[in-house]
Amino acid sequence: MIVFLSMNNANTCSGCGNSSKDPAQVTNNAPRDPLSEVLLRHSAAHIMAAAMLRLFPDAKIDIGPATETGFYYDFDLEHKLTPEDLVRLEAEMKVIINENQPFERLEVSREEAYRIFRERGQDYKLSRLADIPEGETVTIYRNGEFVDLCRGPHVRYSKQVKAVKLLSIAGAYYRGSEKNKQLQRIYGTAFESKEALEAYLNQMEEAKKRDHRKLGKELKLFHIDDAVGQGLILWAPKGAILRTELQKFILEELEKQGYVQVMTPHIGKLGLFRTSGHFPYYKDAQFMPIIDKEAFELLRNENVSCAELSNRLDKGEIDGFLLKPMNCPMHISLYQSEPHSYRDLPVRMAEFGTVYRWEQSGELNGMTRVRGFTQDDAHIFCTEDQLAKEIQGCLHIVNVIFDTLHMQDYRVRVSLRDPNSDKYVGRDELWKKAEAALREAAVKLGRPFSEAPGEAAFYGPKIDFIIKDAIGREWQLGTVQVDYNLPERFNLTYIGSDNAEHRPIMVHRAPFGSLERFTAVLIEHFAGNFPTWLSPEQVRLLPINDSLNDYADTLLKQLKTKGVRASVDGQSDKLGAKIRRAELEKVPYMLVVGQKEQESGEVSVRARANKALEGNTTLESFLEKLIVEIKERR
RNA sequence: GCCGGGAUAGCUCAGCUGGUAGAGCAACGCAUUCGUAAUGCGUGGGUCGUGGGUUCGAGUCCCAUUCCCGGCUCCA
């Protein structure tokens with residue numbers, strides 16, 4: 001998975017030295033107007049590292065690239081950085097900026113570079129230097145007393161960094177591997193002007209207001225309770241309505257495409273998952289197996305230790321049950337429950353299947369990363385020849401979903417084999433065919449997509465749909481994956497026209513991905529202002545005073561008869577208060593009923609958020625339009 | 001899991017260097033019956049995440065632990 005703020009991208013100080021530009025040119029080309037934000041931020045990173053070395057001379061510096069929205073620098077130092085240190089560092093950075101240090105680019109020999117960083121005790125830089133391929137030019141950048149191994153380019157003078165702010169401290173493993181030492185990383189951001197920085201910070205504040213965790217609580221959509229467990233979602237009544245509507249929506253689409261619905265249990269015997277390979281291979285990411293009572297009694301009588309128990313479970317000497325980490329083995333069992341002719345294929349088996357995975361505690365996040373979630377899952381069993389068309393069908397559904405929900409800001413990634421690896425199962429020609437089919441389907445989708453060689457699963461290539469959350473983190477939603485592995489492991493077959501057994505290909509696909517994560521993204525996408533068809537409450541009747549409550553109730557009945565989700569605000573409040581309440585709860589339509597309306601048999605329509613008074617109309621004509629709006633999912 | 005920060009009423013938050021807990025909103029009660037984003041008054045509500053410790057005394061200091069937040073790592 002490509003992670004936001006990836007530290008492995010090429011734009012780091014460490015990857016320096018391959019610039020083909022001559023120094024003079026770079027210096028002359030240092031942009032003036034507008035100043036590239038990347039340049040600015042990368043320079044700010046150097047300034048921060050310089051400030052760090054002034055305050056903590058023993059600090060060892062690693063790398064400090066610009067990111068999409070700012071920059072960071074990784075340090076190794078004894079002192080544990082605190083938020084107060086950020087204030088001091090920021091102050092020192094301002095001193096450096098005001099010194100108006102020129103940024104100087106120097107081409108040096110490899111030996112010279114080694115000498116410079118060895119003298120300064122910068123071991124990490126020596127290691128990074130060793131990464132630079134022989135024959136490439138080594139460049140360093142100097143500003144004031146600070147020297148960094150760096151490809152550049154940079155601003156010309158430190159004063160060009162006009163607005164800078166340090167944001168947070170984080171741990172980051174050296175070279176991105178948890179086997180290495182954890183360094184201290186400081187994140188910050190820089191802009192051309194104080195105004196631009198302010199604007200960015202305000203924008204971040206605004207973005208936080210649509211955080212699904214905040215809105216989920218405010219709008220009573222879901223709840224996570226310590227007493228239930230980390231990463232386990234309780235869908236509150238309003239959230240459940242939202243989810244039910246999403247499920248109805250997708251069921252309709254699946255119906256159109258010839259899917260059949262199935263339902264399978266939440267647990268299954270360990271043996272099933274041994275066959276599929278999920279156990280014990282992915283044991284670390286699963287809940288512990290459940291041992292049946294008789295087996296447990298026997299083990300207890302034998303005084304078996306935990307280690308021994310674990311060992312025997314792994315080896316398959318003890319059976320038990322597993323909370324399913326995936327639905328596929330269950331669907332495969334259904335497929336296998338009867339013989340299949342090529343005439344039956346493709347079999348498209350769908351289920352809103354709830355799966356459980358043991359995510360690391362530090363990775364849990366609201367509804368986006370959880371330990372139990374429901375996939376809008378389906379498995380397609382098809383022949384080689386049918387594969388391309390089936391993949392296109394899958395992408396079509398994804399397209400319908402994103403269109404209907406007005407979500408166009410997503411990224412498509414086609415994950416392919418790493419040509420230099422042999423970890424993959426499945427015949428070479430099949431892979432080529434599947435990769436071509438995925439690519440072709442992606443092209444037909446008509447959206448820009450990227451290809452990611454080496455990102456494919458060992459069992460087949462895939463397409464993923466990736467979207468950003470309110471604060472810029474990327475999450476994978478839908479996925480379409482070709483699988484050559486499971487049909488093999490389960491020995492799946494169908495009888496071909498030649499009356500011989502053949503191996504079907506499997507496609508795993510989940511256009512939403514998980515309902516939890518998708519709902520989180522939806523909440524943030526709409527900032528809680530769901531389209532009417534998804535709104536937990538679609539219409540609220542606002543009687544002007546208590547004497548109109550009964551009349552409002554008769555209107556409510558009419559709305560409910562038509563299947564509209566509505567309520568009456570019968571509290572003894574002024575109209576303004578009722579409107580405010582409905583606005584805060586983001587109800588799409590408010591119908592004000594007063595004396596006038598009762599006499600004329602009309603309602604006064606007020607639409608959410610735009611405060612538009614749509615004028616008075618009869619309930620019937622309002623309903624007529626509303627029903628169409630809901631039916632068409634607008 | 002790792003690094004850093006946090007946890008005070010249902011929600012949002014205040015409570016300085018230790019002296020025995022407070023506001024707004026919500027809830028409840030009473031009054032008010034009101035025309036397009038907050039009517040007024042009153043009442044109840046907290047073993048300050050949990051468990052230890054220091055102290056005459058702990059929301060405040062120390063240790064442990066659980067959970068949350070931001071990163072890192074991971075994500076079949």
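Chain identifiers are assigned alphabetically (A, B, ...) following the order of the sequence lines, protein sequences preceding nucleic acid strands; residue numbering begins at 1 within each chain.
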Checklist outcome for this item: Atom CD of A:Gln595 and atom C1' of B:rC34 are separated, to the nearest Å, by 12 Å
Next on the checklist: Measuring only the C1' atom in each nucleotide, how far is B:rC56 from B:rU20? A whole number of Å is fine.
Outcome noted: 13 Å
Checklist entry - Which value, in whole Å, describes the distance between the P atoms of nucleotides B:rC28 and B:rA7? => result 30 Å
Checklist entry - Base, sugar-phosphate, or nothing for A:Gln360, non-hydrogen atoms under 4.0 angstrom? => result base
Next on the checklist: Strictly below 4.0 Å: does A:Asn485 bring a side-chain N or O up to OP1 or OP2 of B:rA76?
Outcome noted: no
Next on the checklist: Can you work out whether A:Ile579 or A:Lys214 has the more 5'-proximal nearest nucleotide on RNA chain B?
Outcome noted: A:Lys214
Checklist entry - Rounded to whole angstrom units, what separation is found between the CD atom of A:Glu488 and the P atom of B:rA76? => result 22 Å
Item to check | Sugar-phosphate, base or nothing in reach of A:Glu585, heavy atoms under 4.0 Å | outcome: nothing
Next on the checklist: On the nucleotide B:rG4, are OP1 or OP2 found under 4.0 Å from the side-chain N or O atoms that A:Lys80 carries?
Outcome noted: yes
Checklist entry - Hey, does the side-chain of A:Asp226 have a donor or acceptor N/O within less than 3.5 Å of a partner on the base of B:rU66? => result no
Item to check | Separation between the C1' atoms of B:rG59 and B:rC48, rounded to whole Å | outcome: 5 Å
Checklist entry - For the pair made of CG in A:Leu86 and P in B:rG4, what is the distance, rounded to whole Å? => result 14 Å
Next on the checklist: Heavy atoms only, 4.0 Å cut-off, all strands: where does A:Arg369 land among base, sugar-phosphate and nothing?
Outcome noted: base
Checklist entry - Between the side chains of A:Asp74 and A:Gln184, does any donor sit under 3.5 Å from an acceptor? => result no
Checklist entry - How is A:Gly362 classified with respect to the nucleic acid when contacts are heavy atoms under 4.0 Å: base, sugar-phosphate, or nothing? => result base
Checklist entry - For B:rC69, does OP1 or OP2 lie under 4.0 Å from any side-chain N or O of A:Arg213? => result yes
Next on the checklist: Quick one: does any side-chain atom of A:Asp58 pair with a main-chain N or O of A:Lys60 as donor and acceptor, under 3.5 Å?
Outcome noted: no
Checklist outcome for this item: Checking B:rG71, B:rU33, B:rU12 against the side chain of A:Lys217 (C-beta onward), the nearest is B:rU12
Next on the checklist: Within the 4.5 Å heavy-atom criterion, are A:Phe75 and A:Ile61 side-chain neighbours or not?
Outcome noted: yes
Checklist entry - Please give, in whole Å, the distance from B:rA76 P to A:Tyr424 OH? => result 12 Å
Checklist entry - Under 4.0 angstrom, heavy atoms only, what part of the nucleic acid is A:Asp573 near: base, sugar-phosphate, or nothing? => result base
Checklist entry - Between A:Ala577 and A:Glu597, who's closer to the 5' end of RNA chain B by nearest nucleotide? => result A:Glu597
Item to check | pair A:Gln481-A:Met506: side-chain heavy atoms closer than 4.5 Å | outcome: no
Checklist entry - Can you tell me if the side-chain N/O atoms of A:Arg473 get under 4.0 Å from OP1 or OP2 in B:rG70? => result yes
Item to check | Whole-Å distance separating the CD atom of A:Glu583 from the C1' atom of B:rA37 | outcome: 6 Å
Item to check | Charged N-O contact under 4.0 Å between A:Glu218 and A:Lys214 | outcome: yes
Checklist entry - Think A:Lys574 has a side-chain N or O under 4.0 angstrom from the OP1 or OP2 of B:rA37? => result no
Next on the checklist: It should be established whether A:Ser547 places a side-chain nitrogen or oxygen under 4.0 Å from OP1 or OP2 of nucleotide B:rU33.
Outcome noted: no
Checklist entry - Any donor-acceptor pair under 3.5 Å between the side chain of A:Tyr173 and the base of B:rG1? => result yes
Checklist entry - With both distances under 3.5 angstrom, what nucleotide forms a Watson-Crick or G-U wobble pair with B:rG10? => result B:rC25
Next on the checklist: Strictly below 4.0 Å, N to O, side chains only: are A:Lys596 and A:Glu599 in salt-bridge contact?
Outcome noted: no
Checklist entry - Does A:Gln182 get its side chain close enough to the base of B:rC2, under 3.5 Å, for a donor-acceptor pair? => result yes
Item to check | Nucleotide of B:rG70, B:rA76, B:rG35 approaching A:Ile544 most closely (side-chain heavy atoms) | outcome: B:rG35
Checklist outcome for this item: Answer for the Watson-Crick or wobble partner of B:rG40, both distances under 3.5 Å, is B:rC30
Checklist entry - Which part of the nucleic acid, if any, lies within contact of A:Ala285, taking any heavy atom under 4.0 Å across all strands shown: a base, the sugar-phosphate backbone alone, or nothing? => result base
Checklist entry - Expressed in angstrom and rounded to an integer, what is the separation of A:Leu167 atom CG from B:rC72 atom P? => result 14 Å
Item to check | A:Tyr124 and A:Asp76 side chains, donor-acceptor separation under 3.5 Å | outcome: yes
Checklist entry - When you compare B:rC16 with B:rU60, how far apart are their C1' atoms, in angstrom units rounded to a whole number? => result 10 Å
Next on the checklist: For B:rA26 and A:Arg581 - does any side-chain N or O of the residue sit under 4.0 Å from the phosphate oxygens OP1/OP2?
Outcome noted: no
Next on the checklist: Before you tell me yes or no, could you show the steps for A:Tyr187 and A:Tyr72 under ring pair (Phe, Tyr, Trp, His ring centres under 6.0 Å), namely the whole-Å CA-CA distance, both residues' side-chain angles and the distance that decides it to 0.1 Å?
Outcome noted: CA-CA 4 Å; A:Tyr187 282 100; A:Tyr72 66 80; 5.5 Å; yes
Checklist entry - Out of B:rA38, B:rA76, B:rC34, which nucleotide sits closest to the side chain of A:Ser572? => result B:rC34
Checklist entry - Just how far, in rounded Å, is C1' of B:rU33 from NZ of A:Lys578? => result 9 Å
Checklist entry - Where the side chain of A:Gln230 is concerned, which of B:rC67, B:rU36, B:rC2 is the nearest nucleotide? => result B:rC67
Checklist outcome for this item: pair_partner(B:rC75), Watson-Crick or wobble, both distances < 3.5 Å, evaluates to none
Next on the checklist: Under 4.0 Å, heavy atoms only, any strand: does A:Tyr459 hit a base, just the sugar-phosphate, or nothing?
Outcome noted: sugar-phosphate
Item to check | Residue A:Ala170, side-chain heavy atoms: nucleotide from B:rC75, B:rG71, B:rA37 that is nearest | outcome: B:rG71
Checklist outcome for this item: Pairing partner of B:rG70, by Watson-Crick or G-U wobble and under 3.5 Å for both distances, is B:rC3
Next on the checklist: Side chain of A:Ser361, heavy atoms from C-beta onward: which of B:rG1, B:rU39, B:rG70 has the nearest atom to it?
Outcome noted: B:rG1
Checklist entry - So what does A:Lys596 touch, heavy atoms closer than 4.0 Å: a base, only the sugar-phosphate, or nothing? => result base
Next on the checklist: Between A:Asp483 and A:His379, is there a side-chain donor-acceptor contact under 3.5 Å, judged purely by atom types and distance?
Outcome noted: no
Next on the checklist: Using every non-hydrogen atom in the two residues, find where A:Leu81 and A:Phe56 come nearest and quote the distance to one decimal.
Outcome noted: CD2-CE1, 4.3 Å
Checklist entry - Which value, in whole Å, describes the distance between the P atoms of nucleotides B:rG24 and B:rA14? => result 16 Å
Item to check | Proximity to the side chain of A:Pro325 - top-ranked nucleotide from B:rU33, B:rG70, B:rA76 | outcome: B:rA76
Checklist outcome for this item: Any strand, both distances under 3.5 Å, Watson-Crick or G-U wobble: B:rU50 pairs with B:rA64
Checklist entry - Rounded to whole angstrom units, what separation is found between the CG atom of A:Leu364 and the C1' atom of B:rC74? => result 12 Å
Checklist entry - Taking the same atom, P, in B:rU8 and in B:rU47, what whole-Å distance lies between them? => result 13 Å
Next on the checklist: Partner lookup for B:rG19, please. Criteria are Watson-Crick or G-U wobble with both distances under 3.5 angstrom; report none if nothing qualifies.
Outcome noted: B:rC56
Next on the checklist: What contact category does A:Gln286 fall into here, base, sugar-phosphate, or nothing, at under 4.0 angstrom with non-hydrogen atoms?
Outcome noted: base
Item to check | Side-chain N or O of A:Tyr187 closer than 4.0 Å to phosphate OP1/OP2 of B:rG4 | outcome: no
Item to check | C1' spacing across the pair B:rA27 / B:rA9, given as an integer number of angstrom | outcome: 11 Å
Checklist entry - Expressed in whole Å, how much space separates the C1' atoms belonging to B:rA26 and B:rG45? => result 12 Å
Checklist entry - So which nucleotide from B:rU33, B:rG70, B:rG35 ends up closest to the side chain of A:Asp546? => result B:rU33
